[in-house]
Amino acid sequence: MTGKTSTRQSSSKLATWVFVGPYYTLFTAFIVLSVLAAVFLSLTNFNSIEFPSYVGLKNYVDLLTADSVFMQYVLPNTVYFALIVGVGGYILSFFLAWSLAQLPHKLRTVLAIIFYSPSMTMGVAMAVVWTALFSGDQAGYLNNFLLSLGLIDEAVQFLVSPDYLMTIMILVGLWGSMGVGFLAMMAGIMNIDKEVYEAAYIDGMKNKFQEIFFITIPMMKPQMLFGAVMTIVSTFQAGAIGVQLSGSNPTPQYAGQLMVNHIEDYGFIRFEMGYAAAVSVVLLLLILLISRIAKRFLADKE
Amino acid sequence: MKQTKVIIIIVLMIITIVILGGLFQRDAVDPMMTYDGYQRVSLTEEMTYTQYLNQGSDAWSVQTNERLLTAHEATLMNETSYVMASESDGYHDDILSLDKGDAIQFDVVIEVEAAYVIEADVSYVGNELFSPKFGVTLGGTYPFYESRQTTFPITWVPDVQTEIKDNQVVQLFNPDRYGNDVQPRSEVARDWTTQVLFDSVYYHKDPLRYLLGVGTHTLMIESRNDGVRIGHIRLKTLPETPGYETYLESHPEATLQQDVITLEAEYMKDKSDPSIKLYNDQDAASTPQALKTKTLNAIDAYTWDEAGRRVTWDVHVEHAGFYHLSFKYIQYRLVNIASFRSIAVNGEVPFKALEAYAFPYSGSWRVETLSHGDDPYLIYFKEGHNTLTMTSVIGPYRPMLETFESVMKDISDLSIEIRKLTGGNTDLNRDWNLTTFMPDLQKRLEGWADELERAYRYGHGVNQSDVAAAELVPLKFAFTQLRDLAQDPDDLPNQMSLFSEGSRSASQYLGNLILSLSRQSMGLEKIHLTGDPDDIPDAKASLWTRIVRAVRMFFFSFERQTYETDDAVTIDVWVNRPRANIDLMQKMIDEMFTPETGIHVNLSLMPNPTKLILSNAANIEPDVAMGVSGQTPYEFAIRNAAVDLRQFEGYEAVVSQFAKGAMIPYVYQDGVYGFPETQDFYVTFYRTDLMSYLNAEVPSTWTEVTDMLSLLRRFGMNYYVPLSSANSYKSFTVTTPYFLQNGASFYAEDGMSTALDSDASIMAMTLMTSLFTIHDMPISTPNFYNHFRYGSLPIGISNAGTYVQLLIAAPEIKGNWEIAPHPGTMREDGINRYASAPTTATMMFESSEKKEMAFEFLSWWHETETQTLFASDVQRMFGKEYMWFSSNLEALDTLPIDPDHREVILEQLRWAVEAPNVPGGYFVEREISNAWNRIVLEDDNIRSSIDLAVRNANRELVRKMTEFGFMENGIPIKDYVVPTLENIDRWLKERT
């Protein structure tokens, strides 16, 4: 008897490891180890060619006390960008997911693909659509349009001038923010049992608003959380937008400099990998912290 | 109720059908079979050749007549030299040798009035002859425009071994180290040949005819190239090409032969241009074909397109007589548009129909047997050796292209006239009374539209189609646009984007069409001579053969191509250049360097230069890197990973070939860590047509530039400087000229701080910003090349990339632009034209254990001889757009471009200077860029903006200087020397 159970137990243990093993191996090799390597490098002075030398917490101290660009531009820009694109994009994706869920099946699928596609084609679209749209000579679409309406006298330097760059980055960011989170939310909304709504209407629910707040959102919290985490990660990781739009890293007068750009600046332009690693560790912590906060709001209590 | 529903549904269906029908209905055209083309009438300009031909109709048809001119009768002009027959390399009489600008003149007595072609015995010996050009005058004037640029066709011979197999010539292409065939390089045929004078772009398929009346004429031929030798010249009348019937009658005894002779198109005897390339077609029916290696087995369609590109094959025929001629070709560049070829046997086009034979569109291999309807032509081949020549001709498209060119010129004239009136004003709310100044405006616009519509209909006639071909649609856009504009001619100034400016303008549509229609691309795999065209195998392999081949290829792809060498004498080289370049480099090394030195070199493609940094971390560095950015050697040097090249013997010899200023970025402390490999340059590009219209001189100082701006602005034009590029980051490359020309430098002498706040720097910064804040230069221009073509930026400063682009891809302004040195600043000792000349570099790594070998390799590579050979071979193999601007100035001096352009480039390179490298220097670059942005875009004050830049830059310099041990606690502890043009010489010597 006992022998049988133990074989079954050990074989089920084996089965567990067989199933989990590949993931654990890959996760350790490509995520855990690289994070640990980054943490280690952040404690060194590594010029990416010579062997790293240990400097303790100097990089972190420098980051917090001496890096005026980081404090003056990069951090505020990142938070500002993440706040608007993250929160705005999040609300927008929920709203769009909800609206789409109200539509008939075929139309919904088509529209969902349309809304989802920008997040996949970001890089190409950036080069082809947005830079052409905002191009700073008279041939730029927006400039040409405004000139022909007589609203401006000369071409506006949308992509070069610090006054506009951030706004355009946010616009483009919002445009591309309907990613996986949006699909998850749509799936969440679709999953809610119709009977729940009917029951609620019988209980005296009066309008769509109440429907959203009392039924839809509470019923799809896991998807809301997933969406939130995805949004946070993607907005903090965004770095290519500003560089691609303005055509340079650093962006003009650091107007669109985000943390990822700062990391690239130190890592590949100044060859200070140690410092770049420190910034990326800070970025990791920042994402973790904000994900925690999101979780606190959205996770199932039980 | 129900009835109304049904009615509504029926009505809706009808509407849908009508709409859909409208959508799907194809645009019908009424084709026109003959068309002469539109020639603009201009009193001030020379007539075109077509107009000239129409002039003298009486004298054209005349019995054969010939007039011989020899070297003895010639008047030698300029530096032309007279060479005795004994030194003529095999010519039977005395000859004349001409270089660029030289000319010969004859007084010709003509007894019979006729149209004469000019035939000459020529031999080309120069080394920059891609397309030799001559100017021909009669009585001191050019009789027609095309006479300015004429040519005696040149011949290039592939440099390959041949053997005879089955009576036909087979060429043995050299394999590379992996067994793949290498594109053969071609050499100019230097032997004496008899050639007839053509227009240099081969718009006219026939040789140029000169109308000479009875009397004495002064004929002058001027060479536009070096190394041309001319023997006898003959003025003769050409008999008409016979019709097919006459042709058959001239071979009364010949009968149709039943032999099947198959020629491989890739075994070309000779060709007119090295750009005609071979490639490996993977189709199983394309032969020769190998499974594991790539064999060259067909002519690439994309390289056999320009009019005048000619290929000749040897044909060995056992039995004289008639044959049917079939070609296995592919032709897919323009959908449903035919490509034209003239076909000649033994140097003569047999009958009229083969002067321009249409090969219809075909997206896959197809066999075309030359025929009239279903009736294949009989073509006579003599017994033994024959040649077969195919030349790309514009054929029936010529009248269309002439119309386009004339209309474009008219449009451009009118648009300048309009600009003169409106001053380039772009205010859309302003009304103009153009018709008061140009009463015939509407008529002119409509006239052009009608002319283009005729050309459009004729175009469909050529293609034998009454349905609109997609490729001709832009033409329809052009004439409908012109017609729309004619509706309200007064509004034309506000509609210039539909007329002459920008990518959707009528004139641009026409320009693009000229480009696409004059390209007669066609790929060729096999040629068959048969008695019965049914004997020819299918053009495509059967499905089964294809499947078998695909499966075998799949399994062979697992096999690794290895190349064994002895590690001890092999150096590893990583190259950041295109695959094609690397293949050629490897071939040159294997053929020239390895046998001489015993050192093997293994080149690897390095697609991304950051791999070098990562390779260092992984400890798998190569011995040498090539094609890296000018910054890379320095970055490795300050981190002790690069090799100081000054320690090697022979260093001085290598660096003496470079521009001194180009060496500055490679200096660190006492050492020099890289060699410049290719050389960019910044020169002034200008449109000669617009400059002469504006009556403007090319400015040579900034003051002249700013003076010119007011004139340009009056016509809505502007001046381009690289600072105006769309990239918001203003790198040292674009800011250097302003600083260096004003005597400023970026760093203090000890490199520990920036010198941005010196008076000279502030002057430089003032100039850099005032061009935009005061003089209104364009702040952001994504594409100078296009603006230059449209004429909105008729003058500007740009680099080698633009040069190649304009040379290759701007047919509509061909011959209408020139280059001049970079504008400079007037100093006591003349104009100071310092400008950056960025280089790519070669370098060696400290971790290498074969440094001596690596240096030997580098010094070989940078030799003038190697660089010259590489530059010419890369063009001979891949075409003239593959220009190699070597940093070896002597090698650059032999680049086959217009000698005037080369002079300008070399003159500018005398002023080459690069920003020195200093630890943290990128921050000075960045702060200059930021300061410029602040001043230009945000109207910041110059001095306060520079103050901020200086503070930021100095902080970073101190930080970096501390990192590399030159400073401690803000106090210098070790000297750092910043290289400049004044002190660079001390680094150009070997270390003793």
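Heavy atoms only: backbone and side chains are in, while hydrogens, waters and symmetry mates are out. From a predicted model like this one, the values you see are computed outputs, not experimental measurements. Just so it is clear: chains get the letters A, B, ... in the order the sequence lines come, proteins before strands, and each one is counted from 1.
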Partners meeting side-chain contact (heavy atoms from CB on, under 4.5 Å) with A:L151 (sequence neighbours left out):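 Here the qualifying residues are A:L146, A:L149.
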Segment of [X] engaging chain A (4.5 angstrom heavy-atom cut-off):
X	value
B:E621	neither
B:R639	both
B:R934	both
B:F923	side chain
B:Q631	neither

Residue among B:L612, B:N640, B:D776, B:T781 with most heavy-atom pairs under 4.5 Å to chain A: B:N640
Close side-chain approach of A:S246 and B:Y729, heavy atoms under 4.5 Å: no
Contact summary for A:Y254 and B:N930, nearest pair of heavy atoms: CE1-ND2, 3.9 Å
Stepwise side-chain contact (heavy atoms from CB on, under 4.5 Å) check, B:I613 with A:F268: CA-CA 9 Å; B:I613 291 162; A:F268 295 107; 5.6 Å; no
Nearest 0.5 angstrom please: [X] [atom1] to [Y] [atom2], how far?
X	Y	atom1	atom2	value
A:Q253	B:E927	CD	CD	9.0 Å
B:L937	A:Q157	CG	CD	6.0 Å
A:E272	B:K960	CD	NZ	3.5 Å

More than 12 heavy atoms of other groups within 6.0 Å of A:Y164 OH: no
For B:E956, salt bridge (Lys or Arg N to Asp or Glu O under 4.0 Å) partners two or more places apart: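 Counting only residues at least two positions away or on another chain, B:E956 forms a salt bridge (Lys or Arg N to Asp or Glu O under 4.0 Å) with A:R270, B:R959.
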